[in-house]
Structures are given as structure tokens and as C-alpha cells.
Amino acid sequence: MRVDQVCEIQSGYTARERLSASPSGIPALQLRDLNESDDWAQIEPGTYDLGHLKERYFAGPGDVLFRSRGSLNTASAVPDDWPYLAAVLLPLLLLKPDTTRVRPEYLAWAINHPETQRVLDKRARGTSLRMIPKAALAELEIDVPDLATQDAILETSRLAEQAKHLENKAAELRRDLTSMVLRDAAQRMAKQSHEGARA
């Protein structure tokens, strides 16, 4: 199923002038505001003088943002507990899922899947400044099972990421333990050698 069959795709707002920060301005998200880990607890929109913006440019919980420019062309679902409503600025694209057909988190997961990313790689334009056209994202084919299956896939993916994190943590602890054991052995042998030399 094409991406544009399960969501509305809106280009981010194009600022005609250099962005001017203002404490009383409109909250807005730029590409640089999104971190690679998609940790929304660390994402806070800046406020800028943007004048009056139409409602279609604003993103909040349940929406999905797509990085259309740069080396990382992935999607990120805005979580339900993100406390902002912010304007989206190009080159970000704003996806508003039809939640009767697709979960926002599943839509992001499907776009970020390695196979899907390989398709996007072939459709990218530019060399020094890589870009994914809006039409290329709209035409992208993804698998959209029923909502229950989507939920199961998301939970499995979450558990796999958790397991990977725990495995990395365990490997780190093993390295630290091995280093400590070897250091203690080195200190013990050095002490024995020193005492033997004195004798």
C-alpha cells in the first residue's frame, strides 16, 4: 500500500526570511531539532516570529515527521506525552496518519525498515545535499496489516530493542569486570616481583 493511502502528507512551512527567535513567537520544529535516537523527551521546539500560520502546518501527538533532506531520511512518530503543538518547517514533512488504518508508530517503523530505506536510497536526489522528494515518499509502498498485527509488530520491535540494549550493557559490564580482574592480577604480580627482588 502506498504511504499516501494511509496518511496525509504536508510539506513543512517555508520561512521566507531568516528565522527570528522570539519568546512570544510560535513554537516550531526544524530538522536539526530532531535527534537521531528519536528521544522526544529531549526535543523542545524553539519559538520564532512566523506570523499567522495555517493549522495544517502544526504537529502534535499522533503525527509523524519525516526527514526529507540530509544523510538520515527516517520518520519519527510524535508520542502521546509530548506536551507541545509546533509548526513544522521544511525540509521536514508532516504526515497525518489515518488512525483507523495505521498506527503512527507503525507508519514510522515501516518507513524506517531497512528494506524501505533501500528503496528510498534509490529515489534520493542530489549528492552533496541528499533529498527525498515528497512524491517519492507518497509513492512508497509499505505493508499495512490490521491494527492488532501492527501493535504486535511494534511490541516485538520494542522488546528486541530492549534486549539489544541489555546485551550491550551486559557486554560493557563484562569488559569492565575483565579489565578489573586483569588490573588486580597485574598489581599482584608486580607486588610479588618487587618483594622477590628485595629478598
Side-chain angles (χ1 to χ4, degrees), residues 1-12 29-45 58-86 88 91-124 130-176:
M1 189 173 293
R2 287 168 46 128
V3 167
D4 63 358
Q5 291 179 302
V6 293
C7 71
E8 176 188 340
I9 303 176
Q10 168 68 44
S11 295
L29 285 172
Q30 303 183 65
L31 178 60
R32 69 185 184 191
D33 294 325
L34 299 190
N35 49 56
E36 291 188 14
S37 63
D38 289 341
D39 182 4
W40 282 87
Q42 303 299 321
I43 298 176
E44 182 176 347
F58 286 84
D63 293 325
V64 176
L65 300 184
F66 177 75
R67 304 167 173 92
S68 71
R69 190 173 299 167
S71 59
L72 193 67
N73 301 123
T74 53
S76 181
V78 183
D80 290 338
D81 59 355
W82 197 61
Y84 303 100
L85 184 65
V88 174
L92 290 173
L93 299 181
L94 172 57
L95 283 60
K96 292 191 171 292
D98 176 355
T99 54
T100 65
R101 307 180 73 180
V102 65
R103 304 287 193 214
E105 297 82 6
Y106 179 83
L107 178 59
W109 178 88
I111 292 173
N112 296 341
H113 191 278
E115 287 296 328
T116 315
Q117 286 291 304
R118 278 191 276 273
V119 175
L120 285 176
D121 284 342
K122 296 176 182 178
R123 299 180 181 181
R130 170 187 160 103
M131 183 188 73
I132 304 295
K134 179 181 174 183
L137 178 64
E139 297 167 358
L140 189 66
E141 292 281 345
I142 60 172
D143 295 316
V144 183
D146 60 84
L147 295 178
T149 302
Q150 292 178 35
D151 290 338
I153 289 172
L154 290 170
E155 179 64 9
T156 303
S157 177
R158 185 189 68 80
L159 292 174
E161 284 296 319
Q162 187 178 50
K164 180 180 177 181
H165 173 74
L166 291 174
E167 288 168 2
N168 290 339
K169 187 66 176 177
E172 182 182 331
L173 291 173
R174 284 194 296 269
R175 286 194 299 269
D176 290 344

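Starting from 1, each residue takes its place in the sequence as its number.
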- [ ] Sequence neighbours left out, what passes salt bridge (charged side-chain N to carboxylate O under 4.0 Å, His left out) with Arg101? Give chain and number order.
- [x] none
Open item on the list: As an exercise, state the distance from CD of Glu8 to CG of Leu94, rounded to the nearest 0.5 Å.
Closed with: 7.5 Å
Open item on the list: For a 4.5 angstrom cut-off between non-hydrogen side-chain atoms, does Pro97 reach Val64?
Closed with: yes
- [ ] Mind listing the closest non-hydrogen atom pair of Ala124 and Arg130 along with its distance?
- [x] CB-NH1, 3.7 Å
Task: Partner residues of Glu172 under the side-chain hydrogen bond (donor to acceptor under 3.5 Å, both in side chains) criterion, sequence neighbours left out - done: none
Task: Shortest non-hydrogen separation from Arg103 to Leu154 and the atoms involved - done: CB-CD1, 4.3 Å
Task: Ion pair check, Glu161 and Arg158, cut-off under 4.0 Å - done: no
- [ ] Please name the pair of heavy atoms, one in Val3 and one in Leu137, separated by the smallest distance, quoted to 0.1 Å.
- [x] CB-O, 3.3 Å
Task: side-chain hydrogen bond (donor to acceptor under 3.5 Å, both in side chains) involving Lys96 - partner list, sequence neighbours excluded - done: Asp63
Task: Within 6.0 Å of CG in Asp121, more than 12 heavy atoms from elsewhere - done: yes
Task: Minimal non-hydrogen separation, Ala75 against Asp38, with atom names - done: O-OD2, 3.7 Å
Task: Heavy-atom side-chain proximity of Pro91 to Arg67 below 4.5 angstrom - done: no
- [ ] List the steps and the verdict of side chain to side chain contact (heavy atoms under 4.5 Å, CB included) for Leu140 and Arg123.
- [x] CA-CA 10 Å; Leu140 189 66; Arg123 299 180 181 181; 4.2 Å; yes
Task: His113 NE2 to Asp143 CG distance, which is reported to the nearest 0.5 Å - done: 9.0 Å
TODO: Taking the side chain as every heavy atom from C-beta outward, state whether Ser76 and Ile43 have any pair of such atoms under 4.5 Å apart.
DONE: no
Task: Distance in Å, Leu120 CG paired with Asn73 CG, rounded so as to fall on 0.5 Å steps - done: 6.5 Å
TODO: Determine whether Val102 and Ile142 make a side-chain contact, defined as any pair of heavy atoms from C-beta on separated by less than 4.5 Å.
DONE: no
Open item on the list: Just so I know, are the side chains of Gln117 and Asn112 near enough to count as touching, which here means a heavy-atom distance under 4.5 Å?
Closed with: yes
Task: Polar side-chain atom of Trp40 near backbone of Asp80 as donor-acceptor pair, under 3.5 Å - done: no
Task: Side chains of Thr74 and Glu36 in contact at under 4.5 Å (non-hydrogen atoms) - done: no
Open item on the list: Strictly distance-based, threshold 3.5 Å: is any side-chain N or O of Gln150 a donor or acceptor partner for the main-chain N or O of Pro145?
Closed with: yes
TODO: Give the minimum heavy-atom separation between Ile9 and Asp4, together with the two atoms involved.
DONE: CD1-CB, 4.3 Å
TODO: Kindly compute the distance separating CH2 (Trp109) from CD1 (Ile153), expressed to the nearest 0.5 Å.
DONE: 5.0 Å
- [ ] Compare all side-chain heavy atoms of Leu72 with those of Leu34 and state whether any distance is below 4.5 angstrom.
- [x] no
Task: Nearest atoms (heavy-atom pairs only) where Ala59 meets Trp82 - done: O-CZ3, 4.3 Å
Task: Check: Ser11 and Leu93 side chains under 4.5 Å, non-hydrogen atoms - done: yes
Task: Gap between atom CG of Asp33 and atom CG of Leu92 - 0.5 Å precision - done: 8.0 Å
